[in-house]
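Working notes, structure below.
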Amino acid sequence: MPDLRNIAIIAHVDHGKTTLVDQMLRQSGVFRANQQVDDLVMDSGELERERGITILAKNTAIFWGDTKINLVDTPGHADFGGEVERVLQMVDGALLLVDAFDGPMAQTRFVLRKAFENHLKTIVVINKVDRPGARPAEVQDEVVSLFCELEVPDHLLEFAVVYASGRDGWASRGIGDERKDLRPLFEAILKEIPPPGGDPAKPVRLSVASIDYDSYVGRVAVGRLRDGTLSKGDEVMLIDRKGNRRTDRAEKIMVFEKLGKKEVEEVSAGEICAVVGLERVEIGETICDPASPTFIEVPPVEPPTISVIFTINTSPLAGTEGKFVQSRKLKERLYRERESDVALKVEETESADSLKVSGRGTLHLGILMERLRREGYEFAVGKPEVILKGDEEPYERLTVDVKEEFASTVIGMITQRRGELVSVLKRGDNVRQEFVIPARGLIGLRTRMLTATRGEAVMQTLFEGYGPHRGNLPGRAAGVQVSMMAGKAVAFGLFGLKDRGPHFVKPGDPIYEGMVVGEHCRPEDITVNPCRTKKLTNMRASGSDENVILPPPRVFGVEEALEYIEDDELVEVTPKSIRLRKRILNESERRKREKAAARE
């Protein structure tokens, strides 16, 4: 068996993890010299490539000399922190990437804290040192300060530093050293990261860290073999978190090699492997020797902070665009998603047609909804709500990077939402402001802040903890235009409404009563008729044949729609459309409910 290292690459979003992994794969000989390979090869998912972020943690393995390096690429966004938490138990060390300009960010603190909780040896990689405005020496000092703030154990406080450019594929141990290739990084990994522990002679113990799906073999359990030697065809015992036990057989054993998996006859302690043939295996279960059953305790992941209600689509257009519209199909799919996403929680509600789904943030839930709609599901969701703990509510640490001219605007918007300014740091023309804000205050904030700062603001969040409830927050400032008619949107009707506010539909789009078709320029909602057509007449009039020119409609993504709606509205999600609607479609019925609520 070759010398072995198990490492994870952790960092804040957009600090260059996947780009660096691309270069590590190239320079370790995974690809042929003349092979054409796409950039960001580890971001293999359709949504990952569209959005330019890593959503799911992925395993690969490379060889450097006689040493095999099992490498885990992890997500950088805080909403997918559950992916980071579950894979850190498989590795013995971590490459902490920090941008040479941005320095340590919100997610840097989170992933580093989790690495220390798992007692991982860390190598700090200061990436993008060739970027204009890079300040590697200052960033290194900021990393040292972060280590001290997190109260790192003494044996983990000393760390190696590597300066790198993932895009250009070079690394060096000193700022002025030769910039040729990634050899200094590979050498630092072999020197600083310890080989995996474990005794091959002991009984088998493996904790399932993730589940892969294969259309041919079914569920595939992935984890690190802590002790023992696991062979193809061995009988094993599975123990779940509740202590329930059952026996099964490992039909196939695979290890990671390059960008795929390779079937082997057996694996020894320390290797990250995939086990095929275990029915109903779940994340967090222990695979062990039936003669010596021992459960491996796994640290619990951070709890979800936000929830939405999924329900069947009840609009007049229900079933016209989706393949799966029944509540039974939706429930089956959501429960299946929960099996592979440890940060997701799915609960029954009083209604048989609804489920309460909880996650880490609107992006976490929005990615789930986008994945479902692309699979052909049709459903409706309500406004996100934070998850309270008694009288306490969740708080987030919000970091905003913005031009200095918009700094006061940002402070005003966040203090309106009960946020508190913690620190301010000026860097050239930019200002980094740090706030502690109730998680409720983040819902709908991103879109409004981008509008107020002309797209200049960069927001990052990190779960801070629970604190006292801070009262009501301001809602959406503008009302909406609600259709009073069913039919198709007509350019003539929309043209007559353009002074009322921006539209959400275009001519020819199907419309139904109660559907939100635009934003109102005033705080109250109004009912409108976007299906109104021009009346025919035999009289000619000046201007009657004017060309109707409409501004383009505002198009919502799933996350933007979730942040836009209020409590009395729903987002209708189908494979082809994202529509906004009122919960109660009939106008007279809505008014009756409003009057009844006012009397109460």
Side-chain angles (χ1 to χ4, degrees), residues 77-82 85 104-114 117 146 149-151 299-309 343-345 347 349 356-366 382-402 407-425 431-449 452 457 459-477 559 562-568 597 600:
H77 199 286
D79 281 21
F80 307 110
E85 293 180 69
M105 299 283 281
Q107 184 72 352
T108 311
R109 178 186 296 269
F110 172 80
V111 296
L112 189 58
R113 186 176 76 242
K114 291 301 175 183
E117 288 177 1
L146 179 59
E149 287 178 27
L150 295 176
E151 299 179 353
V301 299
E302 298 280 345
T305 59
I306 199 170
S307 66
V308 295
I309 299 296
L344 194 73
K345 187 177 181 182
E347 303 170 274
T349 64
K356 181 180 179 181
V357 180
S358 306
R360 291 284 184 85
T362 53
L363 179 62
H364 184 199
L365 297 175
K383 181 180 180 179
E385 297 180 350
V386 298
I387 300 172
L388 303 177
K389 259 188 188 178
D391 295 331
E392 294 186 328
E393 64 176 332
Y395 282 74
E396 301 272 344
R397 182 170 290 267
L398 170 64
T399 304
V400 183
D401 289 298
V402 72
S408 59
T409 303
V410 171
I411 293 173
M413 294 182 69
I414 295 176
T415 52
Q416 279 185 345
R417 293 168 174 260
R418 307 292 190 268
E420 293 182 355
L421 182 62
V422 176
S423 66
V424 178
L425 181 62
V431 175
R432 174 172 294 177
Q433 299 168 322
E434 203 167 85
F435 303 85
V436 174
I437 182 174
R440 292 178 297 140
L442 294 176
I443 299 175
L445 176 63
R446 186 180 302 274
T447 303
R448 294 179 177 90
M449 183 171 291
M459 295 173 53
Q460 306 294 344
T461 60
L462 179 65
F463 178 66
E464 180 75 7
Y466 280 81
H469 196 280
R470 291 191 176 177
N472 295 329
L473 301 180
R476 187 177 61 208
E559 297 99 83
L562 285 175
E563 293 185 340
Y564 186 83
I565 61 173
E566 292 294 337
D567 293 331
D568 64 336
E600 294 176 1

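Small disclaimer: the values here were computed from a predicted structure and weren't measured. Starting from 1, each residue takes its place in the sequence as its number.
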How long is the straight-line distance from [atom2] of [Y] back to [atom1] of [X], given to the nearest 0.5 Å?
X	Y	atom1	atom2	result
Arg440	Glu393	CZ	CD	4.0 Å
Glu385	Thr305	CD	OG1	13.0 Å
Thr362	Glu563	OG1	CD	4.5 Å

With sequence neighbours left out, what residues match [X] under side chain to side chain donor-acceptor pair (under 3.5 Å)?
X	value
Glu392	none
Gln433	none
Glu566	Lys383

Taking every non-hydrogen atom, the tightest pair across [X] and [Y]:
X	Y	result
Arg432	Met105	NH2-SD, 2.9 Å
Pro394	Val386	CG-CB, 4.0 Å
Pro384	Ile306	CB-CD1, 3.6 Å

How would you list, by chain and number, every residue that makes a salt bridge (Lys or Arg N to Asp or Glu O under 4.0 Å) with [X], sequence neighbours excluded?
X	answer
Glu396	none
Arg446	none
Glu464	Arg397

> Does any pair with a residue in residues 413-422 pass salt bridge (charged side-chain N to carboxylate O under 4.0 Å, His left out), and if so which ones, sequence neighbours excluded?
Replying inline: Glu420-Arg470

Answer yes or no: is there a side-chain heavy-atom contact under 4.5 Å between [X] and [Y]?
X	Y	result
Glu434	Leu425	no
Gln460	Asp401	no
Leu445	Leu398	yes
Thr415	Leu421	no

>> Out of the candidates Leu442, Leu363, Thr399, Ile437, only one should pair with Thr461 under the side chain to side chain contact (heavy atoms under 4.5 Å, CB included) rule; please name it.
In response: Leu442

>> I need the single residue from Val410, Val431, Ile411 that forms a side chain to side chain contact (heavy atoms under 4.5 Å, CB included) with Val400. Which is it?
In response: Val410

>> List the residues meeting side-chain contact (heavy atoms from CB on, under 4.5 Å) with Ile387, not counting sequence neighbours, and say none if there are none.
In response: Pro304, Ser307, Ser358

> Which residues satisfy the side-chain contact (heavy atoms from CB on, under 4.5 Å) test with Thr349, sequence neighbours excluded?
Replying inline: Ile309, Ser351, Ser354, Lys356

Residues that [X] engages under ring-ring contact (aromatic ring centres under 6.0 Å, His included), provided they are two or more places apart:
X	result
Phe110	none
Tyr564	Phe504, Phe556
Phe463	Tyr466

> Is Glu85 paired with Arg360 through a side-chain N to carboxylate O contact shorter than 4.0 Å?
Replying inline: yes

